[in-house]
Amino acid sequence: MTKAAETTAKANEISFEDAMEQLETIVEKLEQGDVPLEEAISMFQEGMQLSKECHSKLTSVEKKMDQILHADGELETTDFQEEEE
């Protein structure tokens with residue numbers, strides 16, 4: 001299994017919170033700037049995969065919430081940023 005495939009498999013198995021924690025750790029290490037280039041690239045790729053997985057999990061939860069909020073099963077587009085008058 002390739003490293004990218006392993007990262008994808010791990011991302012699918014971990015919780016949203018754990019993925020965010022790992023992503024924050026990666027960002028902190030990369031921001032320090034003392035990571036060798038090859039390792040930084042690998043960490044960046046892992047971070048991007050974790051970010052995609054978090055986005056996917058959030059999108060899934062949003063869809064579930066829409067279905068819960070609309071008991072009839074009909075989905076309604078909601079704009080959470082209401083304009084102030």
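FYI, side chains are in, hydrogens and waters are out, and symmetry mates aren't considered; it's all heavy atoms of this structure.
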Under 3.5 Å, which donor-acceptor pairs link side chains of residues 18-38 to any protein atom two or more places apart or in another chain?
unit_1 : atom_1 : unit_2 : atom_2 : d
Asp18  : OD2    : Ser15  : OG     : 3.3
Thr25  : OG1    : Glu21  : O      : 3.0

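- Atom-to-atom distance recorded for Phe44:CZ and Ser51:OG is 9.0 Å, nearest 0.5 angstrom.
- Checking each of Met48, Lys52, Glu46, Glu53 against Leu50 for a side chain to side chain contact (heavy atoms under 4.5 Å, CB included) leaves exactly one that passes, namely Glu46.
- A distance-only check finds a donor-acceptor pair linking the side chain of Thr59 to the backbone of His55 [under 3.5 Å].
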